[in-house]
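Remarks on the structure that follows.
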Amino acid sequence: MANKATAFLIGWRIEMKKTKIIENIIHGIFLILGLITVASVLLITIYLVIAGIPAIREIGFFKFLFGKNWASTAAEPVFGILPFILTSVYGTAGAIVLGVPIGFFTAVYLSKIATGKMRETMEAAVSLLAGIPSVVYGLVGMLVLVPGIRKIFHVPDGASLLAAIIILAIMILPSIIKVSITALDAVPKEYEEASLALGATPIETYFRVSVPAAKSGIAAAVVLGVGRAIGEAMAVMMVSGNVPNMPSLFQSVRFLTTAVASEMAYSSGLQQQALFSIALVLFFFIMLINVTLNFFMKKEGKEA
Amino acid sequence: MNIISARNLALWYGDNKALKEVSISIPEKSITAFIGPSGCGKSTFLKTLNRMNDLVLSVRIEGTVEYAGKNIFDPSVDVNELRREVGMVFQKPNPFPMSIYDNIAYGPRTHGITNKARLDEIVEKSLRDAAIWEEVKDRLKKNALGLSGGQQQRLCIARALAVEPKVLLMDEPTSALDPISTSRIEELAEELKEKYTIVMVTHNMQQAVRISDYTAFFLLGELVEFGETEKLFSQPMDKRTEDYITGRFG
């Protein structure tokens with residue numbers, strides 16, 4: 001009897017040990033898989049810095065960042081990327097000015113007013129919009145937007161900053177709408193009830209209680225939209241004309257992203273290194289946006 | 001004088017009949033308590049009085065509720081104006097996530113008061129009336145969510161008072177509070193009945209006995225008995241009331 005019990009205990013202990021070893025192995029595997037992401041980020045950062053610095057040194061920090069001319073294949077090449085930086089900034093700002101009001105009001109409508117089938121249908125459409133590849137946006141932009149701008153504004157070429165802004169505004173809608181809806185849905189019903197019980201109308205309640213309570217989440221949605229817009233390459237390349245002009249609404253322009261994408265295939269030497277430097281500048285912008293986004297997300301977490 | 005009179009009020013949530021032909025007249029400047037076991041319809045009935053039930057999609061209401069001589073379900077009634085006059089305090093304290101001052105000023109601002117001095121005056125008066133002024137007067141700009149549960153509930157009462165209602169509906173206002181906060185709210189209710197009509201849903205029969213002038217007993221969606229609190233608890237007319245108040249069920 002006692003032997004049986006001892007045998008059982010020993011067996012049980014061995015089983016436990018085995019379980020523990022297996023547990024540890026699985027933990028290890030998960031950790032390694034998780035580290036792949038971290039390693040990728042680290043590698044990209046390090047590589048971009050290493051690859052991006054030499055050209056900036058050679059060309060000169062200020063000449064590179066604030067030079068107004070880009071003529072990478074001229075006999076006397078000039079590498080000034082101010083046109084790209086400003087185009088990216090203006091393009092993103094324009095997309096935000098155009099896209100945020102539309103996205104914000106759509107989110108309020110879907111979260112607070114629309115019910116049942118209406119909300120379902122519209123949310124499905126928003127999700128679909130998010131899933132459309134950017135080359136398709138570009139294509140539709142080329143076929144519809146560019147000729148449209150040419151005809152409406154009587155400009156020689158519709159491929160312009162304006163076309164890029166409109167395309168970007170549409171492309172950032174899904175992120176703005178979805179993140180804003182999540183934030184607005186999370187506003188406790190009690191707040192809204194309290195407001196209604198004080199005699200406020202539903203619309204007053206949404207804009208004076210629900211939206212302020214969700215403001216961090218909505219801010220995060222906007223920052224996410226900024227990130228999406230500044231990082232977009234394909235669609236804007238197809239509708240913006242891709243000429244390194246200083247930005248102007250009806251002129252062909254080139255973004256940071258498209259500058260890299262359009263020349264990389266045939267570049268060499270200093271030109272190629274300069275393209276890496278452009279990527280580094282873009283990367284810096286993205287980092288800035290991420291830090292901002294994290295700030296708002298944390299704030300949202302604290303408020304909830 | 002009765003301020004609110006319901007006549008044959010029936011209410012359905014979908015197919016479920018939650019209120020069965022309730023008729024009651026609530027006297028003004030008094031405290032009326034609604035008691036009864038969970039799911040008896042007392043909260044549902046309370047929320048009907050300022051039409052907060054309108055927010056439930058599947059709700060259907062028959063019968064009338066007269067407030068100030070007018071049926072509140074009449075299409076000509078402005079529901080926002082009704083809710084301003086018939087205020088509400090909820091079970092869980094629900095201050096807005098903004099400053100104490102802005103919480104109180106929310107209602108008056110919504111109704112068009114923008115004058116700073118006038119708002120200051122309303123805020124102070126409301127907080128004084130809700131017996132919380134002394135505790136918060138030095139931190140009006142601080143976030144209301146930093147207050148204790150009991151303070152939050154008195155803030156919510158102050159917020160309701162700021163729009164100068166005639167009636168205050170309270171839906172188990174002390175059920176989420178500790179005993180000390182509870183007794184402060186009870187004292188407050190007794191002071192407030194000088195100026196306002198208070199209708200309070202309570203789970204706590206002792207509370208009804210302590211502070212209410214009239215008590216209504218609800219059971220399974222039916223108003224079983226309504227009368228002066230003292231009488232209802234000492235000589236209930238209905239067998240079911242007697243069973244409930246002597247603790248035989250519920």
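Letters A, B, ... mirror the listed sequences (proteins, then strands); counts begin at 1. The figures that follow rest on heavy atoms only: side chains count, while hydrogens, waters and symmetry mates do not.
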Top contributor to chain B contacts, counting heavy-atom pairs under 4.5 Å, from A:Ala200, A:Ala194, A:Pro202, A:Pro188: A:Ala194
Engaged part of B:Phe90 at the chain A interface, taking heavy atoms whose separation is under 4.5 Å: side chain
Donor + acceptor pair across side chains of B:Ser181, B:Gln153 (<3.5 Å): no
Donor + acceptor pair across side chains of A:Glu232, A:Tyr137 (<3.5 Å): no
All pairs passing salt bridge (charged side-chain N to carboxylate O under 4.0 Å, His left out) where residues 178-187 of chain A contributes a residue, at least two apart: A:Arg119-A:Asp185
Under 3.5 Å, side-chain donor or acceptor atoms of residues 161-173 of chain B against the rest of the protein: list the pairs with distances, not counting sequence neighbours.
{"unit_1": "B:Asp171", "atom_1": "OD1", "unit_2": "B:Ser43", "atom_2": "OG", "d": "2.9"}
{"unit_1": "B:Glu172", "atom_1": "OE1", "unit_2": "B:His203", "atom_2": "ND1", "d": "3.4"}
{"unit_1": "B:Glu172", "atom_1": "OE2", "unit_2": "B:His203", "atom_2": "ND1", "d": "3.2"}

When B:Arg109, B:Met52, B:Lys92 are compared by non-hydrogen pairs under 4.5 Å with chain A, the top option: B:Met52
